[in-house]
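The residues of the chain are indexed from 1 along the displayed sequence.
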Amino acid sequence: MFEDNRWLQVKDFIKKNEQLIKVPNACLMTSREAKSQQFGEAIWMKKKDFSDVRAVMLSVWLMQEIRKKEQSFYWPWISILPKASNHPYF
């Protein structure tokens with residue numbers, strides 16, 4: 001039932017509007033940042049060929065970062081991602 005789902009379990013109640021985590025913008029992989037990558041503009045120019053060009057740019061960027069392994073700024077996060085997923089983009 002929960003093969004590809006993720007969840008969070010907590011010991012205490014979470015208050016409404018309570019901040020649980022804060023991720024600095026510099027640590028996010030966004031479509032805006034993907035577009036600014038070397039490949040991003042080339043993909044963006046072909047956006048009519050893709051149903052979701054932002055997802056394509058992010059997927060290509062993620063694949064490039066995976067190939068870099070420890071050389072990637074994002075490797076600490078990438079290295080703990082599931083090895084398989086049923087998500088249509090990954």
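- The side chain to side chain donor-acceptor pair (under 3.5 Å) analysis of residues 8-18, with sequence neighbours excluded, yields no pairs.
- In this structure, OG1 on Thr30 lies 10.5 Å from CZ on Arg54, to the nearest 0.5 angstrom.
- Here side chain to side chain donor-acceptor pair (under 3.5 Å) pairs that include residues 65-78, with residues two or more places apart or in two chains, are Trp61-Glu65, Glu65-Lys68, Glu65-Ser72.
- With a 4.5 Å cut-off between side-chain heavy atoms of Ile, Leu, Val, Met, Phe, Trp and Tyr, the cluster of Leu28 takes in Ile21, Val23.
- Once rounded to the nearest 0.5 Å, the distance linking CD1 of Ile14 with CD of Gln19 reads 12.5 Å.
- A single hydrophobic cluster is seen to contain both Val10 and Leu20, as judged by linkage of ILVMFWY side chains at heavy-atom distances under 4.5 Å, directly or through other members.
- Among all heavy-atom pairs drawn from Met57 and Ser31, the shortest one is CE-O, 3.8 Å.
- Linking Ile, Leu, Val, Met, Phe, Trp and Tyr whenever their side-chain heavy atoms come within less than 4.5 Å leaves Ile66 and Ile80 in two separate clusters.
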